[in-house]
There are 2 protein chains.
Amino acid sequence: MKISTKGRYGLRALIDLSMNGKSGSPVFLSDIAKRQGISDKYLEQIATQLQRAGLVKTIRGRKGGYLLNKPDNEIKLSEIIKVLEGPICLVDCVAEPDACSKSSLCSSRDIWTIVSNKIEEVLSSYTLADLSKLQEEKSGAGSLMYHI
Amino acid sequence: MKISTKGRYGLRALIDLSMNGKSGSPVFLSDIAKRQGISDKYLEQIATQLQRAGLVKTIRGRKGGYLLNKPDNEIKLSEIIKVLEGPICLVDCVAEPDACSKSSLCSSRDIWTIVSNKIEEVLSSYTLADLSKLQEEKSGAGSLMYHI
DNA sequence: AGTTTTTCTACTAAAATAGTAGGATATAAA
DNA sequence: TTTATATCCTACTATTTTAGTAGAAAAACT
């Protein structure tokens, strides 16, 4: 029951993009990778998934880079996780009842459904803007510490 | 973000044990395995974990078998999952903040913490008795269908 | 003594994870 | 028009995790 690096790195990259892309000019993936301490090439694959899903848009060539494809307050965390980790369900039979012939008679499937739905509910209640803002506050607080 | 077969099989085995162990006499693991369609040998490993964690007790030798170590309404699903899947946390840094030097300044970690806590909360709100009862109702309803 | 059960240790095939590597393509600037 | 710099695309690979198998030892009932 773990989130893979794709989900974790992808979310951090999007938070980074949200914070560093407010000017409207595209952000280099290599800069995000450097700031977040993630391999350029690996982040590239993750970014490609986000682009194909329509969460980010890209500008190719020199002076190119990445931009959010819609305002950060319109991007739910559940969307991001679905793109990078697949359907939000703890067992396959929740999303695909036909995966098991006993789905309709299985009480354990019921609890996995309840938990999966709750996870999606929580992730749907936050947007990228929420995390971006929280991150700014945390970073700001961190810097303030050094100025006292 | 999936539950492994250990967690899934283990939960189903415990539901089975709860339903079939009410007489007080031990239940053969081979019978549970047969009813649940799980490999004997693999279920054995799972059962050993449950035994070591104190969720079930065993009687060795002929006429031996498995029994719940406490009433099923005192066994929370969160306990079971922790034994079989490890700590309920979506990323390691939630349970072990030192896993990452930036834990205290990471907004994405905050959301993973919130979701992880919610999963644990939901799983703590149900007991093995709840699932066992639900399973009996489902099975009963299933049989009734054929009698109409 | 013999049968049946749990217990213990080791091994293994397959899949998923977490990357690397290298070139092709597009665009801006010199 | 050349060059530098960015994304795009495909393929490969090492490591770890998952999902089992295999076989013998120990305990307990008959």
Side-chain angles (χ1 to χ4, degrees), chain A residues 1-13 17 20-21 25-34 36-69 81 84-87 90-92 99-100, chain B residues 1-13 17 20-21 25-34 36-69 81 84-87 90-92 99-100:
Chain A
M1 207 192 339
K2 287 278 184 287
I3 298 289
S4 74
T5 52
K6 279 202 173 176
R8 294 190 282 122
Y9 293 176
L11 177 58
R12 279 163 53 196
L17 182 55
N20 294 100
S25 54
V27 180
F28 301 145
L29 203 60
S30 57
D31 285 346
I32 297 178
K34 203 173 299 172
Q36 298 297 324
I38 302 170
S39 147
D40 280 45
K41 283 299 208 174
Y42 191 35
L43 186 55
E44 189 187 297
Q45 291 179 15
I46 296 168
T48 299
Q49 278 189 254
L50 295 171
Q51 194 259 17
R52 287 183 180 149
L55 288 180
V56 300
K57 60 189 167 192
T58 59
I59 296 170
R60 295 183 65 167
R62 200 170 169 175
K63 295 270 177 181
Y66 285 78
L67 285 165
L68 291 179
N69 201 26
I81 299 309
L84 297 172
E85 300 272 324
L90 291 178
V91 301
D92 286 335
C100 175
Chain B
M1 208 192 339
K2 287 277 184 288
I3 298 288
S4 75
T5 52
K6 278 204 174 176
R8 295 192 282 122
Y9 293 176
L11 178 58
R12 278 163 53 197
L17 183 55
N20 294 99
S25 54
V27 180
F28 302 146
L29 203 60
S30 56
D31 286 346
I32 297 177
K34 205 174 297 171
Q36 298 297 324
I38 302 169
S39 147
D40 280 44
K41 282 300 209 174
Y42 190 35
L43 186 55
E44 184 188 302
Q45 291 179 16
I46 296 169
T48 300
Q49 278 187 255
L50 295 171
Q51 193 260 15
R52 286 184 181 149
L55 288 180
V56 299
K57 60 188 166 192
T58 60
I59 297 170
R60 295 183 64 165
R62 201 171 169 174
K63 295 270 177 179
Y66 285 78
L67 284 165
L68 291 180
N69 201 25
I81 298 309
L84 297 171
E85 300 272 324
L90 292 178
V91 300
D92 287 335
C100 175

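Residue numbers begin at 1 in each chain, while the letters A, B, ... track the order of the sequences.
Closest of all the heavy-atom pairs between B:Leu90 and A:Met1 is CD2-O, 3.6 Å. Minimum heavy-atom separation, A:Ala33 to A:Asp40: CB-OD1, 3.6 Å. Minimum heavy-atom separation, A:Tyr66 to A:Leu17: O-CD1, 3.4 Å. When all heavy atoms are compared, the tightest approach of A:Asn20 to A:Val27 is O-CG2, 3.4 Å. Scanning both residues, B:Leu11 and B:Leu84, for their nearest heavy atoms gives N-CD1, 4.3 Å. The two atoms that bring B:Ile3 and B:Glu85 nearest to each other are CG2-OE2, 3.7 Å, heavy atoms only.
For the pair A:Tyr66 OH and D:dT5 C1', the computed distance is 14 Å after rounding to whole Å. Between A:Gln51 atom CD and D:dC9 atom P there is a gap of 8 Å when expressed in whole angstrom units. With rounding to whole Å, A:Ile32 atom CD1 is found 13 Å from D:dA6 atom C1'. Counting to the nearest Å, the P atom of D:dT7 and the CD1 atom of A:Ile46 are 14 Å from each other.
Residues A:Lys63 and B:Ala47 both approach DNA chain C. Their nearest nucleotides, taken by heavy-atom distance, put B:Ala47 toward the 5′ side.
Residue B:Leu55 is tested with B:Leu50, B:Leu68, B:Asn69 for a side chain to side chain contact (heavy atoms under 4.5 Å, CB included); the sole match is B:Leu50. Each of A:Lys6, A:Arg12, A:Gln51 was checked for a side chain to side chain contact (heavy atoms under 4.5 Å, CB included) with A:Ile46, and the lone residue meeting it is A:Lys6.
Think of the region where chain B sits on DNA chain C: with heavy atoms and a 4.0 Å cut, that region ends 5' and 3' at C:dT3 to C:dA10.
For A:Arg62, the listed nucleotide lying nearest its side chain is D:dT5; candidates were D:dT5, D:dA28, D:dC8.
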Exercise. Quick one: what's the B/S/- string for nucleotides 18-25 of chain D, heavy-atom cutoff under 4.0 Å, read 5' to 3'?
Worked result: -BBBBBB-

